[in-house]
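Chain naming here is simple, since letters A, B, ... match the order of the sequence lines and numbering starts at 1 in each.
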Amino acid sequence: MPEMPEVETIRRDLAEKVAGRRIVSADVELPRLIKWPTAPEFQAMITGKLINRLGRRGKYLLFYLENNMVLVIHLRMTGRLYYSKQGQLTDKFTRLVFNLDNGDQLLYADTRTLGTLYLLPKNELWRISGLNTLGPEPLSEDFTLEYFRSKLAKRKAKIKALLLNQQFIGGLGNIYADESLFVAGIHPERTADSLAEDEICRLYHAINQVIAAGIEHGGTTFRDYRNARGSSGGHQHYLYVYGRANQPCPNCHSPIQRIEVGGRGTHFCPQCQIWKGRNT
DNA sequence: CTTCACGCCTGTCAGC
DNA sequence: TGCTGACAGGCGTGAA
């Protein structure tokens, strides 16, 4: 489900509600979602902890607790986090409940149960594979045009596949990758090293623009995503190509095509994203 | 080193 | 109605 704009929306929603609250107990209904430490240790260690603030890296949500402990949650495909006032919000796929000191709850729900949770001291976050190799994220200082250009050079992978590589850019997922390529006018199957300078520049700006719009609209609800209040996002009304196979391109009215690239459903306009470059 | 296929899970939907 | 297969917003692993 969630890519960087969705996780950021959840972070913003939750931050004001849980910062300063204490976790009085945790109900672990599906222990295997807890990847570190063991589920019983996790439950014991998190009990009584004060939540100081919320952070985010790519698609990872970080709850900074007292004593330098960090609760790390990755929602993967169908994870959802809700703030439930006095048990008013429910979800039949609830897998963990954090009971707070004001009688409210933080719910972790997950249909496909692919999500992951960790509880670690701040200086041991390197244990989380994926988080420890995460690349710079769009809109951040580290994500510069120079960095982007240097990472594309000599790469034979298809540009779409590379955009989904979290070691390269942290936070892009399938929706925003397709949208970015459309905005930049680049065919998803072009190899990374075939992009010309002006295309690299367009794609770089498109990524930042698309991610910023996603955040501004409170994320994209295509199927499972909900924000911390259980509501849908708004960016699905602004999608150009994602999920719009056979519908007219907003720019040229050609039918949007759906193909598979790197094992992922990929949407693009065959007119506006012309296949050009060295790898034809 | 890079790239790719597969597995993890459960649900929904289209087609028969 | 029931069945089957395709598909789903992610990512780690291991093989080539």
Taking atom [atom2] of [N] as reference, at what distance in whole Å does atom [atom1] of [X] sit?
X	N	atom1	atom2	answer
A:Asn165	C:dG12	CG	C1'	12 Å
A:Arg112	C:dA6	CZ	C1'	12 Å
A:Leu117	C:dC11	CG	C1'	15 Å
A:Asp224	C:dA8	CG	P	13 Å
A:Lys154	B:dT2	NZ	C1'	13 Å
A:Met77	B:dT10	CE	P	14 Å
A:Arg258	B:dA14	CZ	C1'	14 Å
A:Asp193	B:dT3	CG	P	9 Å

- Centres of the A:Phe143 and A:Tyr204 rings: under 6.0 Å?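 Close enough - the centres of the two rings lie under 6.0 Å apart.
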
- Task: Under 4.0 Å between any heavy atoms, over every strand shown, what does A:Tyr60 touch: base, sugar-phosphate, or nothing? Just pick one.
- Result: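 Result for A:Tyr60 = sugar-phosphate.
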
- Message: By the 4.0 Å heavy-atom rule, please label A:Arg95 as base, sugar-phosphate, or nothing.
- Response: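 Answer is nothing: A:Arg95 stays at 4.0 Å or more from every strand.
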
- Out of B:dT3, C:dT13, C:dG10, which has the shortest distance to the side chain of A:Lys156?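 Among the listed nucleotides, the one closest to the side chain of A:Lys156 is B:dT3.
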
- Query: Side chain of A:Ala157: nearest nucleotide among B:dT3, C:dC11, B:dT10?
  - Reply: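 Per side-chain heavy atoms of A:Ala157, the pick is B:dT3.
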
Does either side chain, that of [X] or that of [Y], offer a donor lying less than 3.5 Å from an acceptor on the other one?
X	Y	value
A:Thr191	A:Asp193	yes
A:Thr116	A:Lys35	no
A:Thr220	A:Tyr176	yes
A:Glu41	A:Thr38	yes
A:Asp142	A:Tyr147	no

It should be established whether [X] places a side-chain nitrogen or oxygen under 4.0 Å from OP1 or OP2 of nucleotide [N].
X	N	answer
A:Arg264	C:dG10	yes
A:His74	C:dG10	no
A:Lys59	C:dC11	yes
A:Arg155	B:dT3	yes

- For A:Tyr242, does its backbone N or O pair with a side-chain atom of A:Glu179 as donor and acceptor, under 3.5 Å?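 Yes.
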
- Message: Donor-acceptor pair, distance only, cut-off 3.5 Å: does the side chain of A:Arg95 make one with the backbone of A:Phe93?
- Response: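 Here the side-chain-to-backbone pair exists.
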
- Kindly compute the distance separating NE2 (A:His217) from OG1 (A:Thr9), expressed to the nearest 0.5 Å.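 Here the rounded value is 11.0 Å.
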
- Message: What does the 5'-to-3' dot-bracket notation of DNA chain B look like when only Watson-Crick and G-U wobble pairs under 3.5 Å count, and pairs to other strands show as |?
- Response: .|||||||.|||||||

- Can you list, by residue number, the residues of residues 235-251 of chain A that have a non-hydrogen atom closer than 4.0 angstrom to DNA chain B?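 Contacting residues: none.
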
- Query: How far does the P atom of B:dG7 sit from the matching atom of C:dA6, given to the nearest Å?
  - Reply: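 Approximately 15 Å lies between the P atom of B:dG7 and that of C:dA6.
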
- Is atom NZ of A:Lys17 surrounded by more than 12 heavy atoms (other residues, nucleotides or ligands) closer than 6.0 Å?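 Above 12, so yes.
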
